K.L.:
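To start, I am sharing the structure in question, which I have written as structure tokens.
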Amino acid sequence: MIRQQLLDAVRTALADLGVDPVPEGVGLERPARREHGDWSTNAALACAKVAKRNPRELGQALLDHLAAAPPPHVERLELAGPGFVNFHLAPTWLHDVLTDVITQGEPSYGRSDIGAGRSVNIEFVSANPTGPIHAGGGRWGAYGDSLARVMERCGYKVHREFYVNDRGVQSRLFGASLAAARDGEPAPDNGYLGQYITDWAAEMPADADPTAWGIQRSLRDARDVLAAMHVEYDTWSSEAALTETGAPEAVLAELRARGQIYEADGATWLRSSNFGDDKDRPLVKSDGEYTYALPDIAYHLDKYRRGDHLIDILGADHHGYAPRMRAALQAMGRDADTYEVIIGQNVKLLRDGQELKLSKRAGTMVEIRDLIDEVGPDVARFAYLLQSIDSGQTIDIDVLRAQAAENPVYYVQYANARIHSIAREAATRGIERRPLAQVDLAPLVAERELELLRQLELLPETVELACAERAPHKITTWVRELAGAFHGFYRDCPILRSDVPPDLQQARLWLAEGVRIGLAVGLDLLGVSAPEQM
RNA sequence: GCCCUCGUAGCUCAGUGGAUAGAGCGUCGGUUUCCUAAACCGUGCGUCGCAGGUUCAAUUCCUGCCGAGGGCGCCA
């Protein structure tokens with residue numbers, strides 16, 4: 001808002017100075033250093049070349065034009081450094097921010113319509129139903145769900161989906177492993193070995209089909225544990241069910257009709273190299289069995305019924321799979337841009353300083369359930385969302401377990417708890433917060449107060465950036481900074497103390513409410529709770 | 001060999017085409033008559049992997065190299 005007003009003023013001034021058209025890259029930024037003002041423009045630097053003037057001189061001319069008709073809230077302008085024009089604004093611009101936060105409230109502040117109601121289908125986790133989900137999978141759960149929340153807040157219609165790979169070799173091996181354990185026989189070659197196989201085999205009714213029962217057991221486990229970390233899906237898609245409808249054959253026929261298929265060495269191949277893949281890929285093996293890819297292609301085509309844009313969240317160990325799927329979808333006439341793959345780097349778990357290997361088949365794994373049971377869903381989710389999905393992540397379970405100080409989620413939740421504590425104490429003392437319209441925010445001028453307002457002002461663009469860059473961890477960073485600013489404010493700016501003037505007290509009560517809204521929005525986007533007491 | 005991601009403080013990681021690169025942890029020291037000390041303040045901490053290039057400006061973009069992880073299956 002203020003940003004647009006300042007930018008418009010800059011553009012108008014540039015036009016008056018004969019800079020036309022305005023080159024790319026002219027913009028407003030927030031200076032890294034306080035003394036450089038609230039906003040700054042690089043216009044003189046970026047336009048110097050086309051204007052054929054030196055940046056300082058052009059900057060001075062720009063400044064003079066701006067000073068002749070200053071935009072709202074502008075207190076002082078200065079020319080600085082190589083040619084920046086810095087805007088020093090009156091605190092009133094931040095008071096407007098607070099009014100905005102409060103009037104929009106939790107439902108609307110930081111909401112955007114960049115999604116414009118477009119539908120998107122996000123598939124994530126999709127762990128094979130051959131056992132419990134390991135703690136590495138928790139990263140995709142936290143990431144996928146938070147990305148979905150962020151995209152929803154940006155106006156996308158989001159469909160969350162889990163693909164159940166419940167047919168094929170791995171399912172059979174899993175069933176055979178359960179059967180062997182039940183019958184006291186050794187596990188089959190390449191079978192599953194974990195302790196859970198023994199435990200589950202003991203639960204299994206004598207007359208159960210081990211494969212079917214095992215898959216249902218795995219799914220129940222996955223559903224429960226994901227729900228425990230506040231991850232809920234709209235659709236669980238069964239590969240077996242889709243295969244029974246004949247979808248793979250239909251895809252095969254369509255690809256054949258489009259001339260994208262050939263037979264060689266007894267197998268059936270997709271001409272994926274026509275669409276940028278390294279080589280052609282088999283869809284039907286020489287033994288007549290489908291490869292993993294064929295039903296998966298049918299599945300992806302099916303997903304378009306539940307979203308115009310597909311997002312797959314895959315671990316780095318599956319990234320080679322993306323080009324062939326994209327090629328297959330293109331071969332079926334889909335636009336490559338509608339298929340997006342996000343590659344997440346893998347998680348390393350540490351306990352007692354030792355790395356824990358996450359292998360389901362070898363049975364040396366840490367389940368998400370173990371992690372959630374040990375530290376709770378909030379700590380786990382926050383930890384998963386602390387870092388960029390592009391970075392490999394090391395989670396030290398001992399550090400997570402330590403409640404004090406080392407857990408950043410408590411730092412944020414504690415800020416929220418303090419705000420609620422103030423509200424409780426105010427009620428006890430009979431202090432009421434008057435309606436915003438009757439409260440003057442002008443007393444909010446302390447650096448601690450302004451810092452909080454500056455941070456609140458960043459939320460809308462942070463949400464949009466997190467959405468556009470598929471980077472929900474930016475919300476984590478933002479909410480940590482807001483909490484940090486609040487703790488400093490809390491320390492230095494008493495609200496209920498008897499020596500605080502009433503008008504300042506009222507303004508601070510509203511400031512605390514604004515922060516509460518910001519924390520609530522941010523934590524909700526992360527899928528982390530905001531307890532009122534700790 | 002080819003492809004993807006990463007390389008920033010002692011550790012774990014943010015961050016950015018701009019003016020003196022940040023946080024937490026860890027070190028050392030300090031802060032509480034009234035809203036929760038799960039907090040705050042101070043202190044120290046850097047060839048932003050290396051070398052070129054583009055640019056008024058590069059830690060950020062491009063290229064090459066080095067290092068780490070992952071992938072290159074008629075497995076999923």
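Note that the coordinates shown come from a computational prediction; the quantities given were computed from them, not determined experimentally. Reminder, nothing fancy here: chain letters follow the sequence lines and each chain counts from 1.
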K.L.:
Pick the P atom in B/C41 and in B/G26, then give their distance to the nearest Å.
P.N.:
16 Å

K.L.:
If the test is salt bridge (charged side-chain N to carboxylate O under 4.0 Å, His left out), which one of A/Glu464, A/Glu469, A/Glu481, A/Glu461 qualifies with A/Lys474?
P.N.:
A/Glu469

K.L.:
Look through every strand shown and name the nucleotide pairing with B/C72 as Watson-Crick or G-U wobble, where both distances are under 3.5 Å.
P.N.:
B/G1

K.L.:
Partner lookup for B/A58, please. Criteria are Watson-Crick or G-U wobble with both distances under 3.5 angstrom; report none if nothing qualifies.
P.N.:
none

K.L.:
A/Ala423 near the nucleic acid: base, sugar-phosphate alone, or nothing, with a heavy-atom cut-off under 4.0 Å?
P.N.:
nothing

K.L.:
Looking at A/His473, does any N or O in its side chain come under 4.0 Å of the phosphate oxygens OP1/OP2 on B/C13?
P.N.:
no

K.L.:
Select from A/Pro31 and A/Ala483 the residue whose nearest nucleotide in RNA chain B is closer to the 5' end of that strand.
P.N.:
A/Pro31

K.L.:
Distance check, P atoms only: B/U27 and B/C62, in whole angstrom units.
P.N.:
40 Å

K.L.:
Tell me what A/Asp265 touches on the nucleic acid: a base, only sugar-phosphate, or nothing, going by heavy atoms under 4.0 Å.
P.N.:
base

K.L.:
Please list each protein N or O that sits under 3.5 Å from an N or O in nucleotides 67-70 of chain B, with the distance.
P.N.:
| residue | atom | partner | partner atom | Å |
| --- | --- | --- | --- | --- |
| B/G70 | O2' | A/Ala316 | O | 2.9 |
| B/G70 | O2' | A/Asp317 | N | 3.3 |
| B/G70 | N2 | A/His319 | NE2 | 3.0 |

K.L.:
What residues in residues 487-502 of chain A put a non-hydrogen atom under 4.0 Å from any atom of RNA chain B?
P.N.:
A/His487, A/Gly488, A/Tyr490, A/Arg491, A/Cys493, A/Pro494, A/Ile495, A/Leu496, A/Arg497, A/Ser498

K.L.:
Please give the distance between the C1' atoms of B/U55 and B/G22 as a whole number of Å.
P.N.:
26 Å

K.L.:
Using a heavy-atom cut-off of 4.0 Å across all strands, would you classify A/Ala80 as base, sugar-phosphate, or nothing?
P.N.:
base

K.L.:
Looking at the side chain of A/Ser40, which of B/A19, B/A14, B/C74 is the nearest nucleotide?
P.N.:
B/A19

K.L.:
With C1' as the reference atom in both, quote the distance from B/U43 to B/U31 in angstrom, rounded to an integer.
P.N.:
15 Å

K.L.:
Between B/C56 and B/G17, how many Å separate the two C1' atoms, rounded to a whole number?
P.N.:
12 Å

K.L.:
Check this one for me: any side-chain N or O of A/Arg448 less than 4.0 Å away from OP1 or OP2 of B/C41?
P.N.:
yes

K.L.:
Answer with base, sugar-phosphate or nothing: what part of the nucleic acid does A/Glu481 contact at a heavy-atom distance below 4.0 Å?
P.N.:
nothing

K.L.:
Tell me whether the ring of A/His36 lies stacked over the B/A19 base, given a 5.5 Å limit on centroids and a 30° limit on the plane angle.
P.N.:
yes

K.L.:
Any N or O donor-acceptor pair under 3.5 Å from the base of B/A19 to the side chain of A/Asn86?
P.N.:
yes

K.L.:
Does A/Arg56 reach a base, just sugar-phosphate, or nothing at all? Heavy atoms under 4.0 Å.
P.N.:
nothing

K.L.:
Tell me, please, whether A/Tyr490 has A/Arg418 positioned over its six-membered ring: NZ or CZ under 6.0 Å from the ring centre and within 45 degrees of its axis?
P.N.:
yes

K.L.:
Which whole-number value in Å describes the distance from A/Ile397 CD1 to B/U12 C1'?
P.N.:
16 Å

K.L.:
Considering residues, nucleotides and ligands other than A/Asp287, do more than 12 of their heavy atoms fall under 6.0 Å from its CG?
P.N.:
yes

K.L.:
Are any of A/Arg418's side-chain N or O atoms less than 4.0 Å away from OP1 or OP2 of B/A37?
P.N.:
yes

K.L.:
Who does B/C40 pair with, Watson-Crick or G-U, both distances under 3.5 Å?
P.N.:
B/G30

K.L.:
Side chain of A/Glu425, heavy atoms from C-beta onward: which of B/C75, B/C35, B/C74 has the nearest atom to it?
P.N.:
B/C35

K.L.:
Whole Å only: how far is the CH2 atom of A/Trp39 from the P atom of B/A19?
P.N.:
17 Å

K.L.:
Between B/C3 and B/C65, how far is it from one P atom to the other, in whole Å?
P.N.:
10 Å

K.L.:
Counting Watson-Crick and G-U wobble pairs only, both distances under 3.5 Å, name the nucleotide matched with B/G10, or none.
P.N.:
B/C25

K.L.:
Are A/Trp140 and A/Phe124 near enough that their ring centres are under 6.0 Å apart?
P.N.:
no

K.L.:
Regarding A/Ser388, tell me which of base, sugar-phosphate or nothing describes its non-hydrogen contacts under 4.0 Å with the strands shown.
P.N.:
sugar-phosphate

K.L.:
From B/A76, B/U20, B/C74, pick the nucleotide closest to the side chain of A/Val169?
P.N.:
B/A76

K.L.:
Using a cut-off of 4.0 Å on non-hydrogen atoms, how would the nucleic acid contact of A/Glu24 be classed: base, sugar-phosphate, or nothing?
P.N.:
nothing

K.L.:
Heavy atoms under 4.0 Å, any strand shown: does A/Arg33 hit a base, just sugar-phosphate, or nothing?
P.N.:
base

K.L.:
With RNA chain B as reference, determine whether A/Asp390 or A/Glu239 sits nearer its 5' end, using the nearest nucleotide of each.
P.N.:
A/Asp390

K.L.:
Identify the nucleotide, in any strand shown, that forms a Watson-Crick or G-U wobble pair with B/U47, with both distances under 3.5 Å; if there is none, say none.
P.N.:
none

K.L.:
Please classify the nucleic acid contact of A/Thr394 as base, sugar-phosphate, or nothing, using heavy-atom distances under 4.0 Å.
P.N.:
sugar-phosphate

K.L.:
Mind calculating the distance between CD1 (A/Ile261) and C1' (B/C74) to the nearest angstrom?
P.N.:
14 Å

K.L.:
Using OP1 and OP2 only, check whether a side-chain N or O of A/Lys279 sits under 4.0 Å from B/G73.
P.N.:
yes

K.L.:
Rounding to a whole Å, what distance do you find between A/Leu400:CG and B/C13:P?
P.N.:
12 Å

K.L.:
I'd like a table of donor-acceptor pairs (distance under 3.5 Å, sequence neighbours excluded) in which one partner is a side-chain atom from residues 319-328 of chain A, with atom names and distances.
P.N.:
| residue | atom | partner | partner atom | Å |
| --- | --- | --- | --- | --- |
| A/His319 | ND1 | A/Ala316 | O | 3.1 |
| A/Tyr321 | OH | A/Asp296 | OD2 | 2.8 |
| A/Arg326 | NH2 | A/Tyr339 | O | 2.8 |

K.L.:
Atom CZ of A/Phe87 to atom P of B/A19: distance rounded to whole Å?
P.N.:
18 Å

K.L.:
Given the C1' atoms of B/G44 and B/A39, what is the spacing between them in whole Å?
P.N.:
22 Å

K.L.:
Could you let me know what B/U20 is paired to, Watson-Crick or G-U wobble, both distances under 3.5 Å, or none if it's on its own?
P.N.:
none

K.L.:
Is it the case that the base of B/C74 and the side chain of A/Ser286 share a donor-acceptor contact (distance under 3.5 Å, atom types as modelled)?
P.N.:
yes

K.L.:
Could you work out the separation of B/G24 and B/U60 based on their C1' atoms and round it to a whole Å?
P.N.:
23 Å

